[in-house]
Asks: 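Below you'll find the structure I mean.
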Amino acid sequence: MHWLRSYTLLMKWTLIRLKYVAPLMVVVQTFLAVGIVVGFAFLLPQVDANSALYLSTGAATLGLITVGMVLAPQVVADSKRDGSFEYSRTLPVPRLALVAADVSIWLLIALPGIALSLVVAALRFDLALDVSPLVVLALLLVTVTSISIGYAFAYAVPPTVSSLISQVIVFVALMFSPIDFPAERLPGWLQDLHLFLPFQYMAQATRETMMASPHGLSVTPFLVLGLWCTACLAVTVRIMSRRK
């Protein structure tokens, strides 16, 4: 009961803190997701069914990555500057409840962009998605993993460094990650590198639960994302629990 009460109160507190910027974040994230669907299609001479699937599900994945690894760390950086970060560490609440409340808010911010990007993709490419019930688990896992990664480095490094890392992440995710296109288009060394990074697994989990694969649903993305999520949450909780 203490955990649930703490979670509820922290949700309200976070909503109050973000009441002015959250609507703008929803708009920015929505424009990004929809822009990927529409804009990236202009780079291809012809959008076939496979490319349309990658663009559609990739836009949703990139929207979640942007929220978790760019917008969330920027809010943490601002909280470090204004002192609210140190204040939150003194609250008599479970550390996981503090993180869970933030994750819930960021998920709410990301959902409109995901939904609208899929609607635009269906209209733009005449795409019929075969959505699995496991899509809820996939999107939740991608969201939590993105936010846990963003919080881990945002909590661990100074605000200026955190902002730079966020910019690098969004650049790599947009241009050099097999999210909007198959991994086979990348150089061999970059394909090997992405075997250890979370980006392609986020895209794969989203894509395979939105469009059933003839080979069935792969467990690997869920396992890899689970490992990333657990490790980064451990770092986050450790930092939040540390006393000066």
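Along the sequence shown, residues are numbered consecutively beginning with 1.
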Asks: Considering all heavy atoms of both residues, which atom of I239 and which atom of A152 are nearest to each other, and what is their separation?
Replies: CD1-O, 4.3 Å
Asks: Taking all non-hydrogen atoms of both residues, which atom of S146 and which atom of I65 are closest, and how far apart?
Replies: OG-CA, 3.9 Å
Asks: To the nearest 0.5 Å, tell me how far L225 CG sits from T145 OG1.
Replies: 4.5 Å
Asks: Side chains of residues 195-207: which donor-acceptor pairs under 3.5 Å do they make with residues two or more places apart or in other chains?
Replies:
{"unit_1": "Q200", "atom_1": "NE2", "unit_2": "H194", "atom_2": "O", "d": "3.4"}
{"unit_1": "Y201", "atom_1": "OH", "unit_2": "L195", "atom_2": "O", "d": "2.8"}
{"unit_1": "Q204", "atom_1": "NE2", "unit_2": "E208", "atom_2": "OE2", "d": "3.1"}
{"unit_1": "T206", "atom_1": "OG1", "unit_2": "T61", "atom_2": "OG1", "d": "3.3"}
{"unit_1": "T206", "atom_1": "OG1", "unit_2": "M202", "atom_2": "O", "d": "2.9"}

Asks: Using residues 177-185 as the side-chain source, report each donor-acceptor pair under 3.5 Å to any protein atom, sequence neighbours left out, with the distance given to one decimal.
Replies:
{"unit_1": "S177", "atom_1": "OG", "unit_2": "V172", "atom_2": "O", "d": "3.0"}

Asks: Quick one: does S51's side chain get under 4.5 Å of D48's, heavy atoms only?
Replies: yes
Asks: Would you please test V168 and L164 for side-chain contact (heavy atoms from CB on, under 4.5 Å) and show each step?
Replies: CA-CA 6 Å; V168 171; L164 291 174; 5.6 Å; no
Asks: From I109 CD1 over to S104 OG, what is the distance, rounded to the nearest 0.5 angstrom?
Replies: 11.0 Å
Asks: Sequence neighbours left out, cut at 3.5 Å: what donor-acceptor pairs do the side chains of residues 66-79 make with other protein atoms?
Replies:
{"unit_1": "T66", "atom_1": "OG1", "unit_2": "L62", "atom_2": "O", "d": "2.7"}
{"unit_1": "D78", "atom_1": "OD1", "unit_2": "R81", "atom_2": "NH1", "d": "3.1"}
{"unit_1": "S79", "atom_1": "OG", "unit_2": "V76", "atom_2": "O", "d": "2.6"}

Asks: List for me each residue that meets side chain to side chain contact (heavy atoms under 4.5 Å, CB included) alongside L227, sequence neighbours excluded, and say none if there are none.
Replies: none
Asks: Applying the 4.5 Å side-chain criterion to the ILVMFWY set and letting contacts propagate, would L98 and L4 be lumped into a single cluster?
Replies: yes
Asks: Does K12 reach the main-chain N or O of Y7 with its side chain, forming a donor-acceptor pair under 3.5 Å?
Replies: no
Asks: Nearest 0.5 angstrom please: T30 OG1 to L111 CG, how far?
Replies: 10.0 Å
Asks: Counting C-beta onward and ignoring hydrogens, is there a side-chain heavy-atom pair between L10 and W13 closer than 4.5 Å?
Replies: yes
Asks: In terms of hydrophobic clusters joined by side-chain contacts under 4.5 Å, are M175 and V170 together?
Replies: yes
Asks: Where do M11 and A101 come nearest, in terms of heavy atoms and distance?
Replies: SD-O, 3.5 Å
Asks: Check step by step if side-chain contact (heavy atoms from CB on, under 4.5 Å) holds for C232 and Y151.
Replies: CA-CA 8 Å; C232 291; Y151 272 21; over 6 Å; no
Asks: Below 4.5 Å, heavy atoms only, C-beta onward: do S218 and P221 meet side chain to side chain?
Replies: yes
Asks: Within the structure provided, determine whether T209 and L217 are in side-chain contact (heavy-atom separation under 4.5 Å).
Replies: yes
Asks: Regarding R5 and the six-membered ring of W3, is the cationic atom NZ or CZ under 6.0 Å from the ring centre and inside 45° of its axis?
Replies: no
Asks: Side chains of L141 and F222, heavy atoms from C-beta outward: is any pair under 4.5 Å?
Replies: yes
Asks: Looking at S148 and T236, what are the two nearest heavy atoms and their distance?
Replies: O-OG1, 3.8 Å
Asks: Run the side-chain hydrogen bond (donor to acceptor under 3.5 Å, both in side chains) test against S162 and tell me which residues pass, sequence neighbours left out.
Replies: none
Asks: For the residue pair I149 and F153, what are the closest heavy atoms and their distance?
Replies: O-CD2, 3.1 Å
Asks: So, the side chain of K19 versus the backbone of T14: is there a donor-acceptor pair under 3.5 Å, distance only?
Replies: no
Asks: For side-chain contact (heavy atoms from CB on, under 4.5 Å), just list the numbers for V120 and V37, CA-CA rounded to whole Å, side-chain angles, deciding distance to a tenth of an Å, and then say yes or no.
Replies: CA-CA 7 Å; V120 171; V37 173; 4.2 Å; yes
Asks: Membership question, hydrophobic clusters at under 4.5 Å side-chain separation (ILVMFWY): are L107 and V144 in the same one?
Replies: yes
Asks: Which residues pass the side chain to side chain contact (heavy atoms under 4.5 Å, CB included) test with V21, not counting sequence neighbours?
Replies: L18, M25
Asks: Applying side-chain contact (heavy atoms from CB on, under 4.5 Å), run through L139 and M210 and close with a yes or a no.
Replies: CA-CA 10 Å; L139 292 178; M210 289 187 176; 4.2 Å; yes
Asks: Group every Ile, Leu, Val, Met, Phe, Trp and Tyr by side-chain heavy-atom contacts under 4.5 Å, then state whether F31 and F171 land in the same group.
Replies: no
Asks: Side chains of I36 and L174, heavy atoms from C-beta outward: is any pair under 4.5 Å?
Replies: yes
Asks: Does Y54 share a hydrophobic cluster with L118, counting links as ILVMFWY side-chain heavy atoms below 4.5 Å and allowing steps through other members?
Replies: no
